[in-house]
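Here the structure is laid out as structure tokens; the discussion comes afterwards.
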Amino acid sequence: MSDILITFPDQSSRSFATGVSSMEIAESIGPGLAKAAVAARIDGLLTDLTQSIDKNADFEIITEDSDAGHEVLLHSTAHLMAHAVKLLFPDAKVTIGPAIENRFYYDFDIPGTFSDNDLEKIEAKMHELSENDFEVNRIEMSRNDALKMFKEMGEDYKVEIIEQINEHDTISAYSQDDFIDLCRGPHVKSTGKIKHFKLLSTSGAYWRGDENNTMLQRIYGTVFSTKKGLDTYLHYLEEAKKRDHRKLGKELDLFFFHHLSPASPFFTDKGAVVYNNLIDYMRSLYNEHGYNEVITPQIFDMELWKQSGHYDMFIDNMFRMEMGDREFGLKPMNCPGHTLIYSHGHHSYRDLPIRMADFGRLHRFEKAGVLSGLTRVRSMAQDDAHIFCTPEQIGDEITDLFEMVQKVYKTFSFEDLSITLSTRPIKALGDIKLWDKAESSLKAVLDKSSFYFTIDKGKGAFYGPKIDFHVKDALQRSHQLATIQLDFVLPERFKLKYIAEDGNEARPVMIHRAILGSLERFFGVYLEHCGGDFPLWLAPVQIVVLPISEKVQTYAEKLTKNLKASGFRTQLDDKADKIGAKIRKAELSKINIMLIVGEKEAEAETVSVRRRHKGDLGVMDVSELTGLLSEEIKQRSS
RNA sequence: GCCUACGUAGCUCAGUCGGUAGAGCACUUCCUUGGUAAGGAAGAGGUCACCGGUUCAAGUCCGGUCGUAGGCUCCA
């Protein structure tokens, strides 16, 4: 038997006997590696460790702590769960069970549903199967044999899957004890490898995601190679729950919902302070960047939405009303209204670009099942603007937007910006030449920006290509916030024009752009990002004055009054509580500055300053303090 | 829209087998006048989401409506 040459990721190579398995190679390198190995990558393809190799190949061991290895482990755990479910619920039919980010799921067709109690039983059975340490074996077979086998087993969904697999492809299945499941693999070599897992939740899910198909029962779970890994992940889930904007919104009394206006947030006085400060901040940027704000109607004759195309594309998401013999639509977007402003006057190329900003309230009838807190609402406003410009101006406008976006994310301390450029979809309106030009100008700006970006081919809007910005929050979750979309269609539909340099009429381009996106959603995302600890400039209550006893009531009142007059959002806590209780209350409501005043301070006209989460900062003159705070607010420090 | 779970005081939650509703925090009043994360006492607060049904009797059982939550094409 001749030898084969195995090349490792560091480009070193060694020869092995033909037919060597990945496991044997791993063992030859070291027992530690062999223990951590879950799969191998041979010439770029993920395979089982037991797979034998009979030709020269690029080779890499996949360990359980790598991303690919974790995926294998997740997928193998999905199988283990399916195994347990089949034992406990013999009538269940298996469907698919992929790994997703940090989790896996498996969909089953069962007569009833899974209860929490069932989940516990399944988990216990999984532990039992893990302890049995069954070998996991790959079985390859022809398409016909596979069809026959799964038909006999009554696994209709698997049969459907096999029927869609290319005739000439080999089909693989994996067995552990007497459980067998159609699967591409690879898998861990025995069930004993799967130890640290937890089933998380159940839900309904349509077969192949199509609501016309059978509703299946899905179970989500997670698994890690170490107990520590699992604990860390479960802790992360706890942390995410603690920071949930709906929970914080209630605790800090920022907003609430009422069943008489579903999915439409009520911002309390406190929440409105934050909301309005977000708007004020964007306004200050608009001043710097040459935007003009407009105010447009809430309700338009349906004729407008027919002309804009919303009637065809968006009518299911619109609130409509009939008044006498006219039908009106509540605006879901500002753009059509803005074209009416643009058309209200004549424009020369010298007027362009026109940057038209609008914080108008929008209403969208989102399906009941997709609503969620502030992230998916039916009533919202955006930091919306439309830029009307010449095709030549697109590049400069985008460059300016980039600058703005970066400023904004810095202010809110969002790091880890990533960008996608979405290009022309198959169903696109407008001249292809214009598309090419628009795409290349977007790409040129991106190239110049030194930002890393990926291209989402064919994912642009039907009216133009777009750039989306994604940020990661404090828990490393990604959120799409800003969007910049080029639009050639609306200017066409509304026959927008300007007089070009050559004296002829020309069609402007519209750029739709929002940086925070919807203010409601941004409020939610940012609330979770900062965990309710608003920076001073955004805080609903910036200062609370805490008198130690009634003896200093007069001083405390005067102090509060003066701070309010100086523009600080200040409260006085003159309840008959002890100072410790007042401090505790202020800390829990996350008020930035606590001013403790007793007889000493009253006499010297000073304050004892305590900062949220930081504790006692010592005694200060009032003017010194207000100077520092004013500067902090002006800088919008985070 | 579909599946599942949930809806009890402002908030967080108990409420057994169907027998007419309870705690903590918050709130109000009183006592205490205090020095950096909870001083004490008393009081007030609920059409148990809504509508209907079963029953002598419903927060509890059944049906419906509304609302909220987790999901619903990350493919064997």
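A note on names: the letters A, B, ... follow the listed sequences, proteins ahead of strands, and every chain is numbered from 1.
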>> Is A:Tyr106 close enough to B:rG71 that one of its side-chain N or O atoms is under 4.0 Å from OP1 or OP2 there?
In response: no
> Does A:Lys551 put a side-chain nitrogen or oxygen below 4.0 Å from OP1 or OP2 of B:rG34?
Replying inline: yes
>> Using heavy-atom distances to pick each residue's nearest nucleotide on RNA chain B, tell me which of A:Val609 and A:Lys367 is more 5'.
In response: A:Lys367
>> The side chain of A:Thr113 is closest to which nucleotide in this list: B:rG1, B:rU32, B:rU4?
In response: B:rU4
>> Before we go on, tell me: are the rings of A:Tyr526 and A:His245 under 6.0 Å apart, centre to centre?
In response: no
> Ring centres of A:Tyr106 and A:Phe108 under 6.0 Å apart?
Replying inline: yes
> Rounded to the nearest Å, what distance is computed from the CD atom of residue A:Gln553 to the P atom of nucleotide B:rG34?
Replying inline: 15 Å
> Counting side-chain heavy atoms from CB outward, which of B:rC72, B:rA38, B:rG35 is closest to A:Ala581?
Replying inline: B:rA38
>> With hydrogens left out and only the distance checked, is there a donor-acceptor pair under 3.5 Å joining A:Glu366's side chain and the base of B:rG1?
In response: no
>> What's the closest nucleotide to the side chain of A:Lys158 if the choices are B:rA37, B:rG71, B:rA76?
In response: B:rA76
> For B:rU60, which nucleotide is its Watson-Crick or G-U wobble mate, given both distances must be under 3.5 Å?
Replying inline: none
> Taking the six-membered ring for Trp, are A:His187 and A:His79 ring centroids under 6.0 Å apart?
Replying inline: yes
> Would one find a side-chain N or O of A:Lys250 under 4.0 angstrom from OP1 or OP2 of B:rA26?
Replying inline: no
>> What's the closest nucleotide to the side chain of A:Tyr206 if the choices are B:rU12, B:rC2, B:rG67?
In response: B:rC2
>> Does B:rU73 have its OP1 or OP2 closer than 4.0 Å to a side-chain nitrogen or oxygen of A:Arg208?
In response: no
> Partner of B:rG18 by Watson-Crick or G-U wobble geometry, both contacts under 3.5 Å, or none?
Replying inline: none
> Using purine N1 to pyrimidine N3 plus N6-O4 or O6-N4 for Watson-Crick, or N1-O2 and O6-N3 for G-U wobble, both under 3.5 Å, which nucleotide pairs with B:rC74?
Replying inline: none
> Taking the six-membered ring where the residue is Trp, are the ring centres of A:Phe267 and A:Phe523 under 6.0 Å apart?
Replying inline: yes
> Whom does B:rA49 pair with, Watson-Crick or G-U wobble, provided both distances fall under 3.5 Å?
Replying inline: B:rU65
> With under 30° as parallel and over 60° as perpendicular, where do the rings of A:Phe266 and A:Phe256 fit, or are they tilted in between?
Replying inline: parallel
>> Please classify the nucleic acid contact of A:Phe257 as base, sugar-phosphate, or nothing, using heavy-atom distances under 4.0 Å.
In response: nothing
> Which base, if any, makes a Watson-Crick or G-U wobble pair with B:rC30, both distances under 3.5 Å?
Replying inline: B:rG40
> For A:Lys575 and B:rC27, is the shortest distance between a side-chain N/O and OP1 or OP2 below 4.0 Å?
Replying inline: yes
>> Applying the Watson-Crick and G-U wobble criteria at under 3.5 Å, what pairs with B:rA23? Answer none if nothing qualifies.
In response: B:rU12
> If only side-chain N and O atoms of A:Thr95 are considered, is one of them under 4.0 Å from the OP1 or OP2 phosphate oxygen of B:rA76?
Replying inline: no
> What nucleotide among B:rA76, B:rG71, B:rG70 has an atom nearest to a side-chain atom of A:Ser201?
Replying inline: B:rG70
>> So, does A:Arg246 get its side chain near the phosphate of B:rG70, meaning an N or O under 4.0 Å from OP1 or OP2?
In response: yes
> For RNA chain B, whose closest nucleotide is more 5', that of A:Ile100 or that of A:Gly598?
Replying inline: A:Gly598
